[in-house]
Amino acid sequence: MRASLAKRPQEVAAMFDGIAHRYDLTNDVLSAGQDRRWRVATIEAVGAVAGQRVLDLAAGTGTSSEPFADAGVHVVPCDFSVGMLGVGKARRADLPFTAGDATRLPFADASFDAVTISFGLRNVVDTAAALREMLRVTRPGGRLVVCEFSTPVWPPLRTLYSGYLMRALPALARAVSREEGAYAYLAESISVWPDQQGLGRVVREAGWHEVAFRNLSGGIVALHRGTRPPEGAAAPRKG
């Protein structure tokens, strides 16, 4: 099964349900282990300390949430794929896995000290609405960290990476996970995603302040950061 780039939520959720059991292994192989480095960089950028509350969106099986929990952070792994959550819950029953849509989060206003989403924002049906929801559930002064595929800054790497995405990645995914269609969709979704500056503008327009980004692996991945403005500062209404 393969979801179209129209990003119909039920189709995308079903697609992730279908690859849940081999998702972490496949990602490790497809990124040549770089996903571990990206995960560490994301955790460092969030900068959460023991006792703080972090919302980890698009958490999948909880691999990105575990380091927070192990450091004493109250992390809530949230995803719209029930299949992914089930795999994660079987491995880490102590984590409060929560099913939720990033555009309609099931959490109260100002519930978290930080919100992070890794490799999931481009799969959301409405990027701006999701970023506004993340703003809503973050306390004033709290942080946003988005880890997402982006645009390599060196032209030769950009050309090589584009060829890998559209030709090699789906075939390699088929060999590892026995599922080519889902990864063909993921490759196409990466190819049409905004570059670093473009995503930064979307984050700022959603109401986040102090927006900046950092390239990882030559821009194959970028970390975007933002801060919820203090009370009284202009921020968009929910909607």
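All figures in this text were calculated on a predicted structure; none of them were measured in a lab. The residues of the chain are indexed from 1 along the displayed sequence.
For the atom pair OG1 (Thr63) and CE (Met84), the distance works out to 9.0 Å, reported to the nearest 0.5 Å. Rounding to the nearest 0.5 Å places OH of Tyr164 at 9.5 Å from CD1 of Ile220. Considering CZ of Arg36 and CZ of Arg39, their distance stands at 8.0 Å, rounded to 0.5 Å. Atoms CZ and CZ, on Phe107 and Arg136 in that order, are 9.5 Å from each other to the nearest 0.5 Å. Residue Arg214 holds its CZ atom at 6.0 Å from CG of Leu223, rounded to the nearest 0.5 Å. Distance check, rounded to the nearest 0.5 Å: CZ of Arg122 to CD of Glu148 gives 4.5 Å.
Taking 4.5 Å as the limit, some side-chain heavy atom of Pro96 sits within range of a side-chain heavy atom of Pro77. The closest side-chain heavy-atom distance from Leu144 to Thr138 is not below 4.5 Å. Put simply, the side chain of Ser64 does not reach to within 4.5 Å of the side chain of Thr42, judged on heavy atoms. Using a 4.5 Å heavy-atom cutoff, the side chains of Cys78 and Leu55 are in contact.
Between Lys89 and Leu95, the closest heavy-atom pair is NZ-O, 2.7 Å. A pairwise comparison of heavy atoms in Gly142 and Trp208 identifies O-CZ3, 4.1 Å as the closest pair. Contact record, Val46 with Arg143: O-NE, 2.5 Å, taken as the closest heavy-atom pair. In terms of heavy-atom proximity, Arg228 sits nearest to Leu135 at NH1-O, 3.2 Å. For Leu216 against Ala41, the heavy-atom pair with the smallest separation is CD1-CB, 3.9 Å. Smallest separation of non-hydrogen atoms from Ser150 and Ala222: CB-CB, 3.8 Å.
Asn215 places no side-chain N or O within 3.5 Å of a backbone atom of Gly218 that could act as its donor or acceptor partner. Judged by distance alone, with hydrogens and angles left aside, the side-chain atoms of Ser162 form no donor-acceptor pair with the main-chain N or O of Arg158 at under 3.5 Å. Not one N or O on the side chain of Arg92 forms a donor-acceptor pair closer than 3.5 Å with the backbone of Gly62.
Donor-acceptor pairing under 3.5 Å is recorded for the side chains of Ser217 and Arg37. In this structure, a donor-acceptor pair under 3.5 Å is absent between the side chains of Thr103 and Asp126.
No chain of hydrophobic side-chain contacts below 4.5 Å, direct or via other Ile, Leu, Val, Met, Phe, Trp or Tyr residues, connects Phe213 to Trp193.
Under the salt bridge (Lys or Arg N to Asp or Glu O under 4.0 Å) criterion, Arg139 pairs with Asp113, sequence neighbours left out.
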Could you check Leu121 against Met134 for side chain to side chain contact (heavy atoms under 4.5 Å, CB included), going step by step and ending with a plain yes or no? CA-CA 11 Å; Leu121 188 58; Met134 294 177 210; 3.9 Å; yes
Exercise for review: Test Val115 against Glu133 for side chain to side chain contact (heavy atoms under 4.5 Å, CB included), laying out the working first.
Suggested key: CA-CA 10 Å; Val115 177; Glu133 271 290 87; over 6 Å; no
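Ring pair Phe119/Phe149 is tilted by interplanar angle, where 30° to 60° counts as tilted.
Of the listed residues (Leu105, Thr116, Val146), just one forms a side-chain contact (heavy atoms from CB on, under 4.5 Å) with Leu57, and that residue is Leu105.
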